[in-house]
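When reading the values below, keep in mind they use all heavy atoms of this one structure, side chains included, and skip hydrogens, waters and symmetry mates. Whatever order the structure lists them in is the order used to number ligands and atoms, beginning at 1.
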Amino acid sequence: MRLLPFLTLIPAALARAARHLETGAAPQVFVNTAVARTVDLGRSTTLVTTQYNVKALSDDPGAYILALGADGEAEPAWYEVLVGGKVVAVEVDRLGDAPAAVVPVGKMGKDETVTISLNVIATNTTRPLPESIEQREPQFMLWESATTLVDSAYTSDVERIKIRAPTPMILSHGKVPKTYVRDSDITKSSSTITLGPFYGVPPTVGKDSKAEQTSFYVHYETREPVVGIRNLKRAAEVSYWGNNLNIQDEVELFNAGPKLKGQFSRLVHQQSRFHAGTPAQVLSEFTLRLPPSSHGVYYYDVIGNVSTSRFRPGQAAVAKKRAVEGTLELRPRYPILGGWNYSFTVGWDMPLSENLHTDSDRAVLEVPFLTPLKGVVVDKEEFTIILPEGATDVQVATPFAVDSIEYSTHRTYLDTIGRPKVTITKRIVTENHALPVYVTYSYPLRARFSKPIAVGAVAASALTLFMLLRRVNYKIEEEEEKKEEKRD
Ligand SMILES: *[C@@H]1O[C@H](CO)[C@@H](O)[C@H](O)[C@H]1NC(C)=O
Ligand SMILES: *[C@@H]1O[C@H](CO)[C@@H](O)[C@H](O)[C@H]1NC(C)=O
Ligand SMILES: *[C@@H]1O[C@H](CO)[C@@H](O)[C@H](O)[C@H]1NC(C)=O
């Protein structure tokens, strides 16, 4: 099955490298001949991509120990490691006090080279500064990094770091260690700051590291609202009867930019919209991309249906034409200023057959963990998947580590034994976590018919009761049946 490409087994050869991690230092069997890093500053998240040109210093050096952060730091919220351009499974450990991955590089001879890439989405590295501004003022963010040089367990012959801000408006930035600099240390051009090149940088992590590090910061303007989600409750409900998969998101969104100083003025808001576009920090609308075949879209908040939304249905792939995603433009009831919260619910339906693969008795359901919003971090997600009644032997595979997976039973009044329910929770979810979760279960043919029988039984007993009471009201009965249909 094409199912679980991410469940690659870790080769036994890596055990040796893991032992080195315990000693707190990597044996110097590799050198980075060149390291190039790009840091893309944005709103709540920072995208850091690093390429390491690596040379083996001895025959059969084993695995490469890749530092994922500095001493004392946590594993990044999201990252992937590529060897020679292909994503590889890595084992994660700590090298001394730093998070590190054990990267398989195959069998290498002395002086052979390999390219390793590390792509990271860092969260919690930026914050608004000043913390509060007036409605018309521009918003600035401060990006801080505890270290300047690229974290590595090996010596780097030469390294360069490019930091790209979203606008050329950079108020200030930090200083770099002079020890490894020959000519230029920092150059700024428009919205890009280049650090280095740095030469002959010793290992920066591990217990033998001697590198001279400094912290670094960039204080920059961003002209887009900084949005965060405190809580996301996603529910996916499977209905065989209607061939339907319903997805519903309960979202607690907030504007994570600088807080509004003083009172909100609708007049100022209208004026600035008219003269210079919406002020950067105000969130007035945003767009969700939905699967091509999604339909029955709804959007409501605490007050009710929000009618100022627009849904453009997508198109499934036909013949040579590619599938087109549906777009849901959401316009909240009021503009969301810095520090403000906005809670809402969106939901849609999809044909179940597009998300379900069956193989005799075994079914595999594929449901996305998240509908991503660019640059937005979800502090906490709870994802519930409700399977049809009669499904047994439920198993879940997630493409990344989660905090918890619980199996329970969901019961509504029409269910006889209840429906199996899976609840997955995870803290710190980024747009790159918008990957499918796979739920496999057994669903015997017999179970597929249990629902109509149960519904039939309820309807029949209700009818009998009405007849006995000689108060046969066909209208109620009709409504009762409609309700039952909807439930399923
Ligand atoms: C974010 O960073 C701040 C300061 O560095 C720290 O106090 C806070 O605990 C961090 N939050 C998370 C969720 O990691
Ligand atoms: C909610 O608003 C949408 C968009 O204007 C509209 O199409 C839909 O009929 C409304 N639904 C209800 C239940 O009022
Ligand atoms: C937004 O929600 C958070 C957490 O629930 C709360 O601490 C904060 O006061 C709220 N902000 C406003 C402006 O209501």
For G339, counting its heavy atoms only, list the atoms of ligand 3 lying under 4.0 Å from any of them. 11 (N), 12 (C), 13 (C)

Regarding atom 8 (C) of ligand 3: of the candidates L337, N231, N341, which has the closest heavy atom? N341

Protein heavy-atom contact under 4.0 Å for atom 11 (N) of ligand 3? yes

Between the CG atom in L283 and the CZ atom in R331, the distance rounded to the nearest 0.5 Å is 10.0 Å

Hey, could you give me the NZ/CD distance between K233 and E382, rounded to the nearest 0.5 Å? 5.5 Å

So which bit of E252 gets within less than 4.0 Å of ligand 3, heavy atoms only: side chain, backbone, both or neither? neither

Would a 4.5 Å heavy-atom cut-off, applied to side chains only, mark F369 and F383 as touching? yes

What pair of heavy atoms forms the shortest contact from A363 to T358, and how long is it? CB-CG2, 3.7 Å

Any protein heavy atom sitting closer than 4.0 Å to atom 2 (O) of ligand 3? yes

Let me have the donor-acceptor pairs involving side chains of residues 125-132, under 3.5 Å, with sequence neighbours excluded, atom names and distances please.
unit_1 : atom_1 : unit_2 : atom_2 : d
T125   : OG1    : T46    : OG1    : 3.1
T126   : OG1    : R43    : O      : 2.8
R127   : NE     : E144   : OE1    : 3.3

